[in-house]
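Counting starts at 1 for both ligands and their atoms, in listed order.
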Amino acid sequence: MPTEGTLKRWILVNYAGYPFAPNSLMPDNGLANLAGIILDSGGEVEIRDYGTVSTVARMTSPELERRLTRAWNTLKTTNQGPLLAIQKLVTLAKLPGAERERQRLQDRLVNEIGTELIDNIRRKNIQAIGFKLWNGDGLSCSAALAGRIRKACPDIKIFGGGPHVDLFLDRLLRFYPFFDALIYGEGEDTLRQLVASGGATKSYASIPNLIYREGDVLRTTEERMVADLDQLPMPVYDPAVYPAMAGDEKIKLIVIDESRGCRNDCAFCIHPVKSHNNVRMKSISRLIQEVRHIGKEWGIHTFRFAGSCTPYSLLNAFAEEVVKQSLHLQYSSFAHIHHSEEANFKLIRQSGCVALFFGIESGCQKILDRLQKRITTNEITTAIQRANEAGLFTVGSLIFPAPGDTPETAAETIELIRGLHLGSITLQPPVVVPRTRWFENPAAYGFGISDMEKYLNTGMTWKVKIQLPPRFWDVLPMTLDGRSYRKMLARTSAFSKQLAPLKIPTSISDENYLMSKLAGLDPVSFRDRSLAAFYAGDTTVLRELVQSINRAGSGSSW
Ligand code: B12
């Protein structure tokens, strides 16, 4: 029962659906930050993170694993022949059945998780529970859990925060009314105030970043961002607080929240709105203190930076200090084409950075300009060339079809990519994300969204099937350049076939590259081995991979 005055005992929950890729097993830095805030405010907290190997096991039966292993092997074989073509079609036709079976296992798991959570809440007299909200099952299952807890524990305060709230804001509260409030943007200041205020509804109006209900009206309080990232408590990965960190349930590659904000203004991206233009950075001394702390406390020396646009000045200065202090780190980061002349890629590589992820999007200047990327194709070539020369694994991300793309612009992109010698390419179809420029003025970019309510409601519960080729994705009610979404997905698939002769490995993100090095596998073998194991739910292979990454990335050298 909540005591008036403070809201001290918390559970934070991360359920993002079936873990389908290696990064689904990485620890959640956002919740680790929030745990730090709750502890710092004198509260108690436990993080229940279901992005684990055990979740894969709980959502797989031996029969499903056999079926999916067979399906994967058939679909991935490169042998040709009419018999195989028929086998592939039969396998594809059976996939929805396997998907339904996994759905059934997920329903059972979510039911079990609900019972576990309710039991915990009652036993430990928990006063507040906070869900991180993701897209797809990460939303629907978390909301189902919240609804069940609302009924079983009427006095508990239930909150939701995370990336999906930033997209859909009060619409989410309208659909899922059993949350007491949602938190948009950065959660730290809000949580500190919720702990101190006791979560009384009457205090909500004065707490920043809250979306809540007052009678029939949904209210949104003003946004506040953390002014000084150095003042944040250390993130908490202690198994006593974050039990999934014990053993080899998670891949121990920590995301370091080194900077927030983005100076770019790309038309398709939410960051100019969500993270704002004023880039805030942790100081180098705080960053070094943080990596030392994580190394000393939990023996982890492998990282990825979180920031969507980490400034090169920060990467350079961090690298210089890591080299000066002879720290043995391995890490990766987003990088950007803009101002890459400022980057000291050699020093960055020398400090233990192994891979950088660049948003390239297109190789055609006209398309880049329409995307408002504010970069030139020459700048793309220079940035990737310099990063490659320094020995960094470069990942280039493309959007196809972008507004205005034609066979000619596609050919220009392929020509540019041919000369770049990227380590890997990732390819996405466009999605009109709420609050972006594309969303604010779709027609100006060639998008047709005739029923905005329908589009938002479909988008809110849309399940991104990133592990499957685009033609298997659910359709969004929108068009691009007069073509349906289905046709657009077909163009993405066709473009991926056009890229294939370049023989550049696809879908190896910077963190996957880092994991492959730790696992002692070449990146393509790591990608194929891990994706096949996630797809089928082969926990024997997954445990081996996780263990080998964790052994290589940990130690007690300082
Ligand atoms: C680093 C990163 C990761 C890391 C760390 C996770 C994380 N912290 O979000 C890893 C590799 C684990 C990861 C995995 C995934 N990611 Co990711 N990831 C990012 C990235 C690049 C930065 C996120 C980040 O660290 N931000 C800084 C931290 C501090 O913010 P935060 O975690 O969101 O938490 C803050 C607030 O959201 C809020 N908050 C969050 N949760 C809660 C809960 C409560 C109760 C409260 C009060 C507040 C609150 O307070 C926190 C502190 O300020 C973003 C893209 C981007 N540039 O933003 C994508 C992004 C968040 N990821 C995304 C996705 C889809 C995924 C995956 C589901 C799939 C995938 N393979 O990509 C997995 C799922 C992980 C899982 N648990 O199973 C999407 C989310 C889209 C959506 N609407 O759901 C994004 C936006 C990328 C994109 N454009 O598609 N990701």
**Q** Consider side chain to side chain contact (heavy atoms under 4.5 Å, CB included). Of R260, E188, E186, which one does M225 pass it with?
**A**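 Going through R260, E188, E186 one by one, the side chain to side chain contact (heavy atoms under 4.5 Å, CB included) with M225 is satisfied by E186 alone.
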**Q** Centroid-to-centroid, F20 to Y535, below 6.0 Å?
**A**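 F20 vs Y535: aromatic centres not under 6.0 Å.
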**Q** Given K132, M26, H164, which has its nearest heavy atom closest to atom 83 (N) of ligand 1?
**A**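 Minimum heavy-atom distance to atom 83 (N) of ligand 1 goes to H164.
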**Q** Which residue from N29, N512, V255 reaches closest to atom 6 (C) of ligand 1 through any of its heavy atoms?
**A**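 Looking at heavy atoms only, N29 sits closest to atom 6 (C) of ligand 1.
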**Q** Among G130, A21, A16, which one has a heavy atom closest to atom 45 (C) of ligand 1?
**A**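 Nearest heavy atom to atom 45 (C) of ligand 1 lies in G130.
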**Q** Does any N or O atom in K274 lie less than 3.5 angstrom from one in ligand 1, N or O only?
**A**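 Looking only at distances, the answer is no, because the N/O contact criterion of under 3.5 Å is not met.
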**Q** Distance-only, no hydrogens or angles: does the N264 side chain make a donor-acceptor pair with backbone N or O of C266 under 3.5 Å?
**A**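 No; zero donor-acceptor contacts below 3.5 Å.
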**Q** Of the choices I11, L229, N23, which has the non-hydrogen atom that lies closest to atom 11 (C) of ligand 1?
**A**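 Of the listed residues, N23 has the closest heavy atom.
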**Q** Step by step, would you call E361 with K373 a salt bridge (charged side-chain N to carboxylate O under 4.0 Å, His left out)?
**A** CA-CA 9 Å; E361 324 313 350; K373 277 292 284 183; 3.3 Å; yes
**Q** With heavy atoms only and a cut-off of under 4.0 Å, state how D49 meets ligand 1: side chain, backbone, both or neither.
**A**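 It is neither part, as no heavy atom is under 4.0 Å.
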**Q** Within ligand 1, which atoms have a heavy atom of L167 less than 4.0 Å away?
**A**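 Numbered from 1, ligand 1 contributes 83 (N).
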**Q** Can you tell me which portion of L25 lies within the under-4.0 Å heavy-atom range of ligand 1? Options are side chain, backbone, both, or neither.
**A**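 It is neither part, as no heavy atom is under 4.0 Å.
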**Q** May I ask you to check whether H336 and Y312 place their ring centres under 6.0 Å from each other?
**A**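 Yes; H336 has its ring centre under 6.0 Å from that of Y312.
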**Q** Once you measure the plane-to-plane angle for F179 and Y176, does it fall in the parallel (<30°), tilted (30-60°) or perpendicular (>60°) bin?
**A**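 Correct class here is perpendicular.
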**Q** By number and element, which atoms of ligand 1 are closer than 4.0 Å to a non-hydrogen atom of E188?
**A**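 Selected atoms, number and element: 52 (C), 53 (O).
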**Q** Run the ring-centre check on W10 versus F159 and record whether the distance is less than 6.0 Å.
**A**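 Yes.
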**Q** So which of G30, P235, G161, G185 gets nearest to atom 38 (C) of ligand 1, if we judge by its closest heavy atom?
**A**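 Ranked by closest heavy atom to atom 38 (C) of ligand 1, first place is G185.
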**Q** Would you check if the distance from the ring center of F318 to the ring center of Y331 is below 6.0 Å?
**A**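 Yes; Y331 has its ring centre under 6.0 Å from that of F318.
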**Q** Please list, in number order, the atoms of ligand 1 under 4.0 Å from a heavy atom of E186.
**A**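 That gives atoms 53 (O) of ligand 1.
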**Q** So is E511 polar-close to ligand 1, meaning N/O to N/O under 3.5 Å?
**A**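 Checking ligand 1 against E511, no N or O pair falls under 3.5 Å apart.
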**Q** Check this for me - ligand 1, H271, N or O atoms closer than 3.5 angstrom, yes or no?
**A**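 N/O-N/O distance below 3.5 Å exists for this pair.
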**Q** Measure up the H293 and W298 rings against each other and bin them: parallel (under 30°), tilted (30 to 60°), perpendicular (over 60°).
**A**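 It falls in the perpendicular class, over 60°.
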**Q** Hey, is N135 touching ligand 1 through its side chain, its backbone, both or neither, going by heavy atoms under 4.0 Å?
**A**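 Within the 4.0 Å criterion, N135 contacts ligand 1 through backbone and side-chain atoms alike.
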**Q** Check the side chains of D257 and N33 for a donor-acceptor pair under 3.5 angstrom, ignoring hydrogens and angles.
**A**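 Checked: N33/D257 side chains pair up, N/O donor to acceptor below 3.5 Å.
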**Q** For ligand 1, which atoms sit closer than 4.0 Å to a heavy atom of F334?
**A**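 The list of qualifying atoms is 21 (C).
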**Q** Tell me yes or no: between the side chains of D137 and Y18, is some donor less than 3.5 Å from an acceptor?
**A**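 No, no side-chain donor-acceptor pair sits under 3.5 Å.
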**Q** I need the T220 OG1 to L210 CG distance, nearest 0.5 Å.
**A**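 Result: 9.0 Å between the selected atoms.
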**Q** Nearest non-hydrogen atom to atom 40 (C) of ligand 1 belongs to which of P19, P22, G162?
**A**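 That would be G162.
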**Q** Between ligand 1 and R304, can you find any atom pair, the residue atom being a heavy atom, that is separated by under 4.0 Å?
**A**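 The answer is no, since R304 has no heavy atom less than 4.0 Å from ligand 1.
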**Q** I want to confirm something. Looking only at heavy atoms, which of W10, W134, F20 is nearest to atom 69 (C) of ligand 1?
**A**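 Among W10, W134, F20, the closest heavy atom to atom 69 (C) of ligand 1 comes from F20.
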**Q** Which ligand 1 atoms, with their elements, are less than 4.0 angstrom from a heavy-atom of I183?
**A**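 Those of ligand 1 that fall under 4.0 Å from I183 are 47 (C).
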